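The figures that follow rest on heavy atoms only: side chains count, while hydrogens, waters and symmetry mates do not. Counting starts at 1 for both ligands and their atoms, following the listed order. These numbers were taken from a predicted model, which means no experiment stands behind them. The chain is numbered in sequence order, starting from 1.
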Amino acid sequence: MIETYSQSAVAEAKAYVENVYRSVVLRNPHESEFHQAAREIFDSLVPVFAKHPDYRQLGLLERLSEPERMVTFRVAWVDDSGRVQVNRGFRVQFNSAIGPYKGGLRFHPSVNASIVKFLGFEQVLKNSLTGQPIGGGKGGADFDPKGKSDMEIMRFCQSFMTELYRHIGADTDVPAGDIGVGSREIGYLYGQYKRIRGASEAGVLTGKNPLYGGSLARTEATGYGCVYFVQKMLQSADLDFRGSRVVVSGSGNVSIYAMEKAIQLGATVVACSDSAGYIHDPDGIDLETVKRIKEAGRGRIAEYAAEHPQAIYVEGCGGIWSLPCEIALPCATQNELNEQDAERLIANGVKAVGEGANMPSTLEAIDRFHAAGVLFGPAKAANAGGVAVSALEMAQNSARVSWTFEKVDGQLHRIMEKIYADCTEAAEEYGHPGNLVVGANISGFLKVAGAMIAQGVV
Ligand code: GLU
């Protein structure tokens, strides 16, 4: 049922949202990524505040957009030449209304307060959408893992955890991976946590190796989950992965398993990329080669073309969106797909876009897709599979059991289908049928809001 609200209710809700947005910008100057995430979320919530004027009185938006806590800390470590290096570490504990703070750690030179806060804000609503009992947090460091030796990575992780350990715990805050933090880094972080605490508290981190408490299918979860979500979008329009050309940006964990599932479903993945450039293989990307270069060797995607002469390598990443395809999966990083990219994709006949990365499309690009009737799966819904399986890892750790790959993958599939259904329903109920950006923000917000209200003013 589509609800309509009086014009005055909508005008009051808009004025409230604008006011709070202005104060977010004033209070967090120069944090453009955080502003961008807030802008998208706030705009979506206007119909909610029109329907529930009492939510304004409760200051729900003011509370939602102010993190409960944020720490920054010095990370000093010794490089292979014996020189001491210093980086800055972050952890934002954004919202614990529905469970312990939960969200990844990103190691990348671009990491700063704005990036960590945009990711943390998104994470609150994403985690709510999973239906699992997890609040939202995020963290990381401006450390560049590129070119570092294995021992340097280990020493950095140990120093990072030596400060972080006092802020986290299985029932308080549970970090995991993100860009630059995979199974190897989680292992070093966990080893140091255990050494400091003198106890095996496996539930303090997720994304662990299954050898010591990790969940099967966690590695695949974000990419597989994204494809399960897009599959539902495609079905709604009588389309399918089978026979479609797919462009996937990135070649990290999310991209690799999005490609794997898309190929399993009969699609041809024609391109993928890394931070230096992209490869175009019209015959279809050979995933084993990508895995060998990226997972085993930590090499560059350019090496692919040397082994596959029919493929071409192009320097620079933006051009990947000029390749004709029916399905685009941006799985690399924030703001990697802008308005011009969206226009090129639309001109080339793209039918669906599923965001595997966090906030990969600019606000203008999203507007273009919506205006052109392209099916659009926003990040906080489409990439929620990773953190959903992290919650399943926490459940297994608490029960001291480990489930089979099939069991976890089956649950992931059901969770992604439920997220799709919830987003679709909320979009419709609040007057924006088919707009999954609005649907995801509203559906995620309503649960957090309900939990916040039930727990009083905190
Ligand atoms: N970094 C991932 C995300 O953006 C996963 C977080 C987690 O598993 O806690 O959702």
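Contact annotation: Arg106 has no heavy atom less than 4.0 Å from any atom of ligand 1.
Summarising the geometry of Thr172 relative to His167, their closest heavy-atom pair is OG1-O, 4.4 Å, with the distance given to 0.1 Å. The shortest non-hydrogen separation linking His35 to Asn28 is NE2-O, 2.7 Å.
Of all atoms in ligand 1, numbered sequentially from 1 with element shown, those under 4.0 Å from a heavy atom of Gly103 are 9 (O). Shown in contact with Ser390 at under 4.0 Å from a heavy atom are these atoms of ligand 1, numbered in order with element: 7 (C), 8 (O), 9 (O). Distances below 4.0 Å separate heavy atoms of Asn358 from the following atoms of ligand 1: 4 (O). Within ligand 1, the atoms closer than 4.0 Å to a non-hydrogen atom of Lys126 are 3 (C), 4 (O), 10 (O), numbered from 1 in the order shown. Residue contact check: Lys138 has heavy atoms under 4.0 Å from atoms 1 (N), 3 (C), 4 (O) of ligand 1.
More than 12 heavy atoms of other shown residues, nucleotides or ligands fall within 6.0 angstrom of atom CZ in Arg166. More than 12 heavy atoms of other residues, nucleotides or ligands sit less than 6.0 Å from atom CZ of Arg155.
If you check each of Gly137, Gly385, Ala384, Gly177 against atom 2 (C) of ligand 1, the one with the closest non-hydrogen atom is Gly177. Evaluated by nearest non-hydrogen atom to atom 7 (C) of ligand 1, the leading choice among Gly386, Ala176, Gly140 is Ala176.
Using cut-offs of 30° and 60° on the angle between ring planes, the pair Tyr212 and Tyr190 is parallel. Ring geometry for Phe376 versus Phe369: interplanar angle under 30°, hence parallel rather than tilted (30 to 60°).
Relative to the six-membered ring of Phe143, Lys148 meets both conditions, a distance below 6.0 Å and an angle of at most 45° to the axis.
Closest to atom 6 (C) of ligand 1, if we only count protein heavy atoms, is Gly104 N, 3.6 Å. Annotation: atom 9 (O) of ligand 1 to nearest protein heavy atom, Lys102 NZ, 2.7 Å.
With a 4.0 Å cut-off on non-hydrogen atoms, Arg218 touches ligand 1 through its side chain and not its backbone.
Using a cutoff of 4.0 Å between basic side-chain nitrogens and carboxylate oxygens, Lys380 and Glu122 are scored as salt-bridged.
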